[in-house]
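See below for the structure under consideration.
The chain is numbered in sequence order, starting from 1. For clarity, every value in this text was computed on a predicted model and none was experimentally measured. Every number for a ligand or one of its atoms is a count from 1 in the order of the listing.
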Amino acid sequence: MARIAVMVGSKGRGSNMRRLIEAGRAEEFPGRVECVLAPTPDSPAVQSAREMGIPTTILSPKSPDYPSELARVLEGMDLVCLAGFMSLFPAEVLAQHPGRVLNIHPALLPKFGGKGMYGMHVHQAVLAAGERESGCTVHLVTPIYDEGRILVQLSCPVEPEDSPEVLAARVLRLEHQAYPLAVRLRLDELAHEQPSGKEA
Ligand code: GRF
């Protein structure tokens, strides 16, 4: 059974985190969320994780020891799922988990990705560009924002009367389907890449 860590942001709402925790509680799912990492102790995501009985660790990316502390907390994890995590994942920690750090983005990458493209900025940009379609992307994390191989993309229409908030809500419903699918897919790939690996 694969061990999964979820990393949320400082204002984390935590809906993808909750979805992954729930998915991991289904008997046939190949992984379980074992810990949630957050930069601050007072977000709704941290509150939810505690209510769901998942251990939480608070680590500030501003702390000088952040990379080494993060490496210590993630030791032994098979997969790390970023869900609303806003900082750049430290390259040295990434190197210890090659192909095992995933991120979810609320647009159809490579469009509307990169630095500054987060939250409502993404949906505002999609609407301003007159896109007819949007969606979400789960991808492998690399040292560059929103790059890395795409694992799962789900799309939905953009309606002419959409506000950024309405579009965000439509995309979020897709995110909740996409993340468990991507986790399952990536764990399956890893099991085949390393048949004797611990996640098999
Ligand atoms: C999601 O829209 C995700 O795509 C982005 O941050 C948001 C997190 O939402 N990376 P939630 O905290 O999971 O509800």
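With 3.5 Å as the limit, one finds no donor-acceptor pair spanning the side chains of T142 and E147. Defined by atom type and a distance below 3.5 Å, a donor-acceptor pair is missing between the side-chain atoms of S134 and H123. Judged purely by distance below 3.5 Å, without hydrogens or angles, the side chains of E92 and Q96 never pair a donor atom with an acceptor atom.
Residue C81 holds its SG atom at 9.5 Å from CG of N16, rounded to the nearest 0.5 Å. Taken from CD1 in I144 to CG in L88, the straight-line distance is 9.5 Å, to the nearest 0.5 Å.
Within the structure, ligand 1 has G14 among the residues with a heavy atom less than 4.0 angstrom away.
For ligand 1, the atoms lying closer than 4.0 Å to a non-hydrogen atom of R13 are 9 (O), 11 (P), 12 (O), 14 (O). Of all atoms in ligand 1, numbered sequentially from 1 with element shown, those under 4.0 Å from a heavy atom of H105 are 4 (O).
With a heavy-atom cut-off of 4.0 Å, E175 touches ligand 1 through its side chain alone.
In terms of protein heavy-atom proximity, atom 8 (C) of ligand 1 is nearest to G84 CA, 3.8 Å.
Taking any N or O of I104, backbone or side chain, at least one lies under 3.5 Å from an N or O belonging to ligand 1. Residue contacts with ligand 1: S15 is placed with a nitrogen or oxygen under 3.5 Å of a nitrogen or oxygen of the ligand (distance criterion only).
Look at R25 and E22 and you find no salt bridge, because none of the NZ, NE, NH1 or NH2 atoms lies under 4.0 Å from a carboxylate O.
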